[in-house]
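No hydrogens, no waters, no symmetry mates; every other heavy atom, side chains included, goes into these values.
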Amino acid sequence: MTSWTSIEIKSGGDDAPMLAFAAGEALYAPAAAQDRIRAVVKATGFDPKPGRWLDIVGEGDAGSRIVVIAAGANDSEDRWRNAGGHAVEAIRALALVAARLPSAAELGIGEAFADLIEGVLLHGFRLDQGRSNPVPGQFASTLSIAQDDAPLAEEARLRADPVNRARAWVEQPANRLTPAVFADEAEAALVPLGVRVRQLDLAELEALGAGGILAVAAGSSNEPRLTIAEWRGAPDREGWDAAFVGKGLTFDAGGLNLKARPGIAKMKFDMAGGAAVLGAIERLALRKAPVNIVAVVPMCENNIDGKSYRPGDVITSLAGLTIDVQDTDAEGRIVLADGVTYAIREYDPGVIVDVATLTGAIMGVLHEDFAGLFTSDDALAASLTGAGAATHELLWRLPLVASMAYLVESPVADVSNLGAPGWFGVGGGSPVAGAKFIEKFADGRRWAHLDIAGTGWATRRSSRCGPGATGFGVALLDRWADLAVADKG
């Protein structure tokens with residue numbers, strides 16, 4: 001099983017250095033320690049801006065060592081998750097094997113203590129790759145908490161673990177996370193939580209007629225899988241509230257339209273959409289959410305050999321629509337088409353949301369700050385955008401209108417997998433064209449597409465994580481599931 005490490009949270013440890021927090025004139029620390037902290041802050045001129053900390057050593061009434069972490073301003077909704085991350089950075093920079101937090105009551109932050117711990121667990125994440133020599137700063141650390149705060153810490157763990165699992169999958173090298181391994185690990189993680197998981201193998205996909213997945217996977221010696229994870233949290237209610245469809249390309253070489261370096265070395269991350277929807281199912285199951293949602297994840301590699309599909313081929317999708325393959329590196333939309341069709345045929349969901357690292361072009365528009373949102377349903381756009389704002393996984397809606405159908409027209413098939421080049425010849429990689437392609441297979445259903453190519457991997461720190469895989473979409477979809485059911489009344 002792909003594994004990761006983070007800061008260990010446990011009760012006790014009263015002799016460890018204590019963490020406190022400061023924001024402007026406000027101080028979040030036990031009353032007995034506040035005079036000492038304020039005196040040192042005044043003497044040193046410490047300016048509590050996020051990312052800074054003050055290490056107070058020596059004897060004092062409240063103990064020998066206190067590390068004061070700068071927290072964000074009161075107007076920042078994400079301030080305590082962010083502060084938890086800064087606490088991790090301080091612990092690692094100071095090489096603390098152990099530290100302790102005052103109780104939520106002593107800090108005066110109430111239930112926001114769970115956000116603080118969630119920030120610790122998310123920023124403490126490191127993929128365990130079995131290095132013989134540990135990377136500096138990646139040593140085991142323990143954060144002690146008061147026994148009374150254990151329920152809040154457990155709440156934080158239930159929120160953080162699915163995100164970290166998704167991140168671990170995304171960061172795992174492709175030779176270690178093949179489609180079969182990805183499917184098996186998803187099953188091992190979800191089944192104990194009451195999720196029904198099924199895998200369709202190569203023979204079953206052939207019998208099904210999943211021509212899109214089969215074409216993309218043809219050039220790899222690692223056989224494809226279609227993984228289906230069902231969370232039925234409202235068994236007395238018939239039907240399925242929603243289907244999440246996630247792109248699960250465990251490696252994308254581009255096929256015969258081979259990617260160039262250095263980008264090709266990063267293509268282990270091309271299953272971040274699949275990881276996100278499976279992580280969302282895990283969060284729903286952990287909190288026993290009263291929703292009925294299925295995740296469908298086509299898992300395969302887009303590689304090269306004599307059996308690879310070719311530019312110019314015409315393939316037949318699971319839906320029966322023919323696809324003009326103009327670029328074998330525009331494969332994500334092809335496997336998603338089969339995934340969406342499968343979800344519609346087998347589950348007839350009220351809503352479909354697909355999540356994919358679909359286009360590099362989305363990064364040039366929205367960078368790492370927003371994922372692209374495409375849908376023609378205003379209410380669905382509003383609920384997804386609201387869920388993104390609530391979880392700080394931000395979405396930006398881009399146009400998707402009927403007049404854009406020409407983007408994916410083909411003279412030889414029902415649909416082309418490459419966008420119209422346009423006057424300057426640069427339209428082929430259009431994020432809108434990718435969305436219009438998938439829309440063809442949504443069969444008029446309520447549907448939205450999230451392009452997370454820019455947000456699935458971070459090059460800099462955010463309130464939710466450091467550089468590396470982000471797990472973007474796990475928290476958003478988990479939150480949106482509640483909104484979707486509430487909207488149904």
Side-chain angles (χ1 to χ4, degrees), residues 163 166 241-247 270 272-277 279-280 293 295-296 330 332-333 336-337 339-340 343 349-405 407-408 419 427 429-458 462 464 470-487:
V163 177
D241 300 310
F244 298 152
V245 182
K247 177 183 173 184
D270 214 18
V277 301
I293 294 183
V296 178
R333 64 202 68 183
L336 285 171
V340 168
V351 185
I352 303 165
V353 180
D354 80 72
V355 186
T357 49
L358 203 73
T359 64
I362 200 72
M363 303 181 196
V365 178
L366 301 178
H367 303 278
E368 299 177 15
D369 302 275
F370 292 82
L373 165 62
F374 299 86
T375 183
S376 58
D377 187 312
D378 292 342
L380 181 54
S383 62
L384 283 165
T385 302
T391 56
H392 302 274
E393 294 189 328
L394 302 177
L395 302 177
W396 193 273
R397 189 180 183 185
L398 293 165
L400 191 73
V401 296
S403 62
M404 290 175 160
L407 289 173
V408 292
S430 159
V432 182
K436 289 300 290 185
F437 180 97
I438 302 166
E439 185 185 41
K440 283 270 191 179
F441 298 84
D443 197 30
R445 305 299 186 96
R446 297 193 69 202
W447 159 83
H449 163 61
L450 307 184
D451 190 338
I452 65 166
T455 54
W457 192 280
S462 72
R464 297 193 64 87
T470 64
F472 186 98
V474 175
L476 186 158
L477 292 175
D478 174 49
R479 174 62 181 141
W480 175 81
D482 293 335
L483 298 177
V485 173
D487 286 347

From M363 atom CE to T455 atom OG1, the distance as rounded to the nearest 0.5 Å: 9.0 Å
Inter-residue atom distance L366.CG - I452.CD1, 0.5 Å rounding: 13.0 Å
Any donor-acceptor N/O pair, T357 side chain to A272 backbone, under 3.5 Å: no
Distance-minimising heavy-atom pair for A448 and L384: CB-CD1, 3.5 Å
Main-chain N/O of G473 paired to E393 side chain as donor or acceptor, under 3.5 Å: yes
Considering all heavy atoms, the nearest A243-A343 contact: CB-CB, 3.8 Å
Closest contact, heavy atoms only, A356 versus H449: CB-CE1, 4.4 Å
Sidechain-backbone polar pair: R479 side chain, A389 backbone, donor-acceptor under 3.5 Å: no
CG on D478 to CG on L483, rounded to 0.5 Å: 10.0 Å
Pairwise distance CG(L336) to CD1(I352) - rounded to 0.5 angstrom: 11.5 Å
Side chain to side chain, R333 and D354, heavy atoms closer than 4.5 Å: no
Min side-chain heavy-atom separation I438-L358 under 4.5 Å: yes
Smallest separation among heavy atoms of G429 and A361, with atom names: O-CB, 3.5 Å
Minimum heavy-atom distance K436-A402, with the two atoms named: NZ-CA, 4.1 Å
Side-chain heavy atoms of V245 within contact of V353, under 4.5 Å: no
E439 side chain reached by S376 side chain, heavy atoms, under 4.5 Å: yes
Side-chain touch L395/L476, heavy atoms, less than 4.5 angstrom: yes
Backbone of A453 reached by a side-chain donor or acceptor of D451 within 3.5 Å: yes
Closest non-hydrogen atom pair, T375 against A381: CG2-CB, 3.6 Å
Minimum side-chain heavy-atom gap W447-L380 below 4.5 Å: no
Gap separating the CZ atom of F370 from the CG atom of L398, nearest 0.5 angstrom: 11.0 Å
Short side-chain to backbone donor-acceptor contact, R464 and T391, under 3.5 Å: yes
Minimum side-chain heavy-atom gap I293-F244 below 4.5 Å: yes
